[in-house]
2 protein chains.
Amino acid sequence: MARPERRTVRDVRRGNRGMLLRTLYFDGPASRHELTGLTGLSAATISTMTGDLLADNIIVEAGQVDSDGGRPRVLLRVNPAYGHVIGVDVAETHVRVELFDLEMTEKARVDYSLRPSHHDIELVTRRILAGIDVVLADGQVPADRVLGVGIGVPGIVERGADTLIHAKTFGWDGVPLGALMRAGTSLPVFIDNGAKTMGQAELWFGAGRGAAHAVIVLIGSGVGATVVADGVVMRGSSNSAGEWGHTKIALDGRQCRCGGRGCLEAYIGAEGILDRAGVPTSTTDWPAALGRVLESDSRVIEETVAYLGMGLANLINLLNPERILIGGWAGLMIGRDLLPGIRAAALANSLAQPGNATSIILGELGPDAVALGAATLVLEEFLDTSAPLRLHAAS
Amino acid sequence: MARPERRTVRDVRRGNRGMLLRTLYFDGPASRHELTGLTGLSAATISTMTGDLLADNIIVEAGQVDSDGGRPRVLLRVNPAYGHVIGVDVAETHVRVELFDLEMTEKARVDYSLRPSHHDIELVTRRILAGIDVVLADGQVPADRVLGVGIGVPGIVERGADTLIHAKTFGWDGVPLGALMRAGTSLPVFIDNGAKTMGQAELWFGAGRGAAHAVIVLIGSGVGATVVADGVVMRGSSNSAGEWGHTKIALDGRQCRCGGRGCLEAYIGAEGILDRAGVPTSTTDWPAALGRVLESDSRVIEETVAYLGMGLANLINLLNPERILIGGWAGLMIGRDLLPGIRAAALANSLAQPGNATSIILGELGPDAVALGAATLVLEEFLDTSAPLRLHAAS
DNA sequence: GACTATAGCTTCAGGTATTGAACTAAGGAC
DNA sequence: GTCCTTAGTTCAATACCTGAAGCTATAGTC
């Protein structure tokens, strides 16, 4: 029932230009000649379009390759210095702001620590805005060369006329972060759930590259997932799709911090694993404690493999992905030791056809990828529209 | 990472024409003037495009409405007699072939019963081909006025160069039904899983109309789901997405006929419910037996509500649909009596934000909708491309 | 019954797109 | 220095949507 939008000839250009840019971004550098093959466009179109992009300084020449017995090919690539993007990670204990060039090379970063239960929205907004000024100064990038700011936040991000954030652990209930940011900066702002931005980072720059159907599973103290269908992050009707952690795997099962019972998170979240192992809740160094459990407690290890395998099998059956990535600090620890067992458990619990079609691997990016993924939201918009910089810098 | 296809100006026309046709199909009849508002296209474009479609006889005039003090509006609608579509339901006990006009009014149907465990692919193919001839004769429709044949089959439908079908219960392991059909008819053939075609029918003509994000849940003796994201049926990487029935809801739970343990189907499939109620497996009239259980066995009722509510809550959390439809013969029986309880259980087990955003209702179409949905596959293709009839009638 | 207002619809020039074909550019081989 | 090969550009042809102007068909009015 997808009723597409009206289209005009200009949309054709926009779409083709976006495709060309994406091709150069991911498969570049490439010559005009190679681009005809990669994009399917004619040499004439490639010629005029690359001419435009060169004039706009969005792409630049990148040397030559001689072709045996003919005119050498001029390589083209996206100009990494054309613009910069900013990514922000709003987490339990810190606000981190990072500045990247278009190739996602980090140019500057700044961290502000937050005291637990001091997540006042005004404070967080001030930190973000201050952080933007700091990284721009450190990176010596003028504000009018910034394409936008992406922000990864905890909780559910409701996209509408105004972006509202519901984050129980922060005491945020419908906080209008988008409006607050617009009051403090003229840069375009993109906001999404931190687990989704991290998934987006893995999809674009990590182990998810090239996958059209994938699930990126994040296991930390909480558990979440980014579902990718047909190359696009699935959002659902109110942008809360991917809440995998509170999927129930048992009727009247273990108590979860969400208030429910039998949530997957209560079994395979870091807190759940430690609790099952009888580690006292007063422990502060969770990674170390989890490491000890994963080295010694064979019962807990066995259970963890079984529960995680079952959870992944459910994803496989329902979504039929070609690839599942396991990420998050706890996920990477678990996966490093137990991946073969997890794979076997997932296969045993899934139907044969989709089970065999799915590869289960570890994420490549560390837990620091939230800000990178948030910045990727800006990059995505830029590659699709290649909107000229002046437009928002002026506003 | 969606890398779109190259586009040309002709794609613009194709897309807009498809949109116009869809608009007329679902919101028609409408005048040219109204269509400008509904499609966003200019009056000039509407004029030329409707001119084309009228010349092709794809749309027809449908009376006039006088406008106060001006030229009356000429109403346009899709010509229901422009072409016909055929839908086929290949099930455990029968092969059913139905002929529809473009408005999906049934014009003829024929049923062939299959003996259990006589699902030889050659036999089934012969039945389908014979059925096509019969309904065309009965409906007095020449073969060159048929836009195509849609077939709903059990099992997993692997779409590739050749459509292969894996249906354990039929003993089909990679059966090339597409190729076999092409050998017997020149009509275009579309094949999909029967649960998906039924979901498609609900989405287009039943309780799913207008939903962009929905899940259509089918409960019969087996359990399946059709996941709709952004208006499109989700297929996954090998077209097996939607296998909800073998989602595990308990570690080492009830034995399922798939060989696994703890599958949702083993709890809320008709067979699973009857088994939990202690109804002997020799029972032949399942619907009657299920009816008795749902009237009298309060323990089983309570459990069923709990398990189904939990299963639905998992869908809500993971997919964030705006609507969930419960269908299938057993699903309709269960839902008729227990819907309020199921809603409450689903809400109790899901996160607040997506839970409140999801409405859970019953399907509108009976279990007969498999063939209708299969025919809809052809209709969908027609509305998108409005490919002239001659092309395939000639081949 | 002619005239006018009104609303629906069509035609046409103008602008934007892609494309194939012809053409120019740049290097190597003999 | 001529020819071959490969890379890239220019241009006429074709297709599309749109705004503006014009045409058509009705109701109301005198």
Side-chain angles (χ1 to χ4, degrees), chain A residues 4-21 23-24 28-56 59-77 385-386, chain B residues 4-21 23-24 28-56 59-77 385-386:
Chain A
E5 288 279 282
R6 173 199 73 153
R7 290 198 178 287
T8 72
V9 279
R10 296 173 103 127
D11 294 313
V12 173
R13 183 68 153 193
R14 255 193 293 280
N16 285 338
R17 184 170 150 130
M19 178 184 51
L20 183 97
L21 258 183
T23 305
L24 270 180
S31 71
R32 294 171 178 78
H33 191 75
E34 287 163 340
L35 285 171
T36 62
L38 291 169
T39 62
L41 292 163
S42 71
T45 303
I46 295 291
S47 185
T48 59
M49 208 139 64
T50 52
D52 285 359
L53 289 166
L54 281 166
D56 289 348
I59 64 175
V60 289
E61 298 196 346
Q64 295 196 348
V65 203
D66 44 325
S67 56
D68 26 32
R71 175 175 172 175
R73 284 174 285 192
V74 176
L75 295 181
L76 301 171
R77 58 179 298 190
T385 64
S386 62
Chain B
E5 287 280 280
R6 171 201 75 154
R7 291 199 178 287
T8 72
V9 278
R10 295 175 104 126
D11 294 313
V12 173
R13 184 67 153 193
R14 255 194 293 279
N16 285 338
R17 184 169 149 133
M19 179 183 52
L20 184 104
L21 259 183
T23 305
L24 271 180
S31 71
R32 293 172 178 79
H33 191 74
E34 287 163 342
L35 286 172
T36 61
L38 291 169
T39 61
L41 292 164
S42 71
T45 303
I46 295 290
S47 185
T48 58
M49 207 139 65
T50 53
D52 286 358
L53 289 166
L54 280 167
D56 289 348
I59 64 175
V60 289
E61 299 196 345
Q64 296 195 348
V65 203
D66 45 323
S67 56
D68 27 32
R71 177 176 174 174
R73 284 174 285 192
V74 176
L75 295 180
L76 301 171
R77 58 178 299 192
T385 65
S386 62

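Proteins come first, then strands; the chains are lettered A, B, ... in the order of their sequence lines, and each starts at number 1. Quick caveat: nothing in here was measured; it's all calculated off a predicted structure.
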Filtered N/O pairs between nucleotides 26-30 of chain C and protein, under 3.5 Å:
unit_1	atom_1	unit_2	atom_2	d
C/dA26	N3	A/R71	N	3.4
C/dG27	N2	A/G69	O	3.1

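- Counting only heavy atoms from C-beta outward, the side chains of B/R6 and A/N16 approach each other to under 4.5 Å.
- Nucleotide C/dG14 holds its C1' atom 12 Å from the CZ atom of A/R10, rounded to whole Å.
- Within the model, atoms CZ of B/R71 and CD of B/Q64 stand 9.0 Å from one another, a figure rounded to the nearest 0.5 Å.
- Within the structure, a side-chain polar atom (N or O) of B/R13 is placed less than 4.0 Å from OP1 or OP2 of D/dC17.
- In this structure, A/T50 and B/N16 both approach DNA chain D, and ranking their closest nucleotides by distance from the 5' end singles out A/T50.
- The salt bridge (charged side-chain N to carboxylate O under 4.0 Å, His left out) analysis of residues 33-54 of chain A, with sequence neighbours excluded, yields the pairs A/R13-A/D52, A/E34-A/R73.
- Note that CD1 of A/I59 and CG of A/L21 are 7.5 Å apart. Values are rounded to the nearest 0.5 Å.
- Comparing the start and finish of the helix from C/dG1-D/dC30 to C/dC30-D/dG1, five pairs each, the helix axis swings through 30°, to the nearest 10 degrees.
- Atom P of nucleotide D/dC17 and atom CZ of A/R14 are separated by 15 Å, given to the nearest angstrom.
- We find that CZ of B/R32 is positioned 19 Å from P of D/dC23, with the value rounded to whole Å.
- If A/V9 and A/S31 are placed on DNA chain D by their nearest nucleotide, the residue sitting closer to the 5' end is A/S31.
- Listed by first and then second residue, the salt bridge (charged side-chain N to carboxylate O under 4.0 Å, His left out) pairs involving residues 36-46 of chain A amount to none (not counting sequence neighbours).
- The two atoms that bring A/T36 and A/A43 nearest to each other are CG2-CA, 3.6 Å, heavy atoms only.
- Between the CG atom of B/L38 and the P atom of C/dG8 there is a distance of 13 Å, given to the nearest Å.
- Taking atom CE on A/M49 and atom C1' on C/dT16, their separation rounds to 14 Å, with Å as the unit.
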Protein N or O to nucleotides 18-22 of chain D N or O, pairs below 3.5 Å:
unit_1	atom_1	unit_2	atom_2	d
D/dT18	OP1	A/R6	NH1	2.5
D/dT18	OP2	B/S42	N	3.0
D/dT18	OP2	B/S42	OG	3.1
D/dT18	OP2	B/T45	OG1	3.1

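- When rounded to the nearest whole Å, the span between CG of A/D11 and C1' of D/dC17 equals 10 Å.
- The CD1-P distance, from B/I59 to C/dC9, rounds to 11 Å in whole Å.
- Rounding to the nearest 0.5 Å gives a distance of 9.5 Å between CD of B/E61 and OG1 of B/T50.
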- request: Quick one: do B/R7 and B/V12 satisfy side-chain contact (heavy atoms from CB on, under 4.5 Å)? Show the steps, please.
  value: CA-CA 8 Å; B/R7 291 199 178 287; B/V12 173; over 6 Å; no
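- Within the 4.5 Å cutoff, the side chain of B/L53 has heavy atoms near those of the B/L20 side chain.
- For A/S42, the side chain to side chain donor-acceptor pair (under 3.5 Å) partners are A/T45, not counting sequence neighbours.
- Taking both residues in full, the closest heavy atoms of A/M19 and A/L41 are given as CE-CD1, 4.1 Å, listed atom of the first, atom of the second, then distance.
- Taking atom CG of B/L20 as the reference point, atom P of D/dC17 lies 11 Å away to the nearest angstrom.
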